[in-house]
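Residue numbers run from 1 in the order of the sequence given.
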Amino acid sequence: MATTPRRPVNPMDAAEALFKPAKKPVAPAVERRALPETKELVSIKIDSAVLEYFQKDGPGWQDRINDALRAVMQSKPGA
């Protein structure tokens, strides 16, 4: 009957087996500011009545929403 040795044959293999492989640190995400006047794709939730109001005049409704938001932004102090 063959018996297994109490100690591993190669001590280096035994030592390495005790340690988990080191995980590479994840690089932090780099936020890049958008260029001025560049449009970005976003997803927002708005009331269906608001959406209908801007869509009733046909294509260009997203630009109309953008213009309305810009007008509100510019009417606030500090804009």
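Partners of Arg70 under the salt bridge (Lys or Arg N to Asp or Glu O under 4.0 Å) rule, at least two apart in sequence or in another chain, are Glu37. Qualifying salt bridge (Lys or Arg N to Asp or Glu O under 4.0 Å) partners for Asp63, counting only residues two or more places apart in sequence or in other chains: Lys39.
Within the structure, no pair that satisfies the salt bridge (charged side-chain N to carboxylate O under 4.0 Å, His left out) test touches residues 41-57, not counting sequence neighbours.
Residues near Val30 contribute nothing to a hydrophobic cluster around it, because no ILVMFWY side-chain heavy atom sits closer than 4.5 Å to its side chain. If you chain together ILVMFWY residues whose side-chain heavy atoms come under 4.5 Å of each other, Trp61 ends up grouped with Val42, Ile44, Ile46, Val50, Leu51, Tyr53, Phe54, Ile65, Leu69.
Annotation: the span from Arg64 atom CZ to Gln62 atom CD amounts to 10.0 Å, rounded to 0.5 Å.
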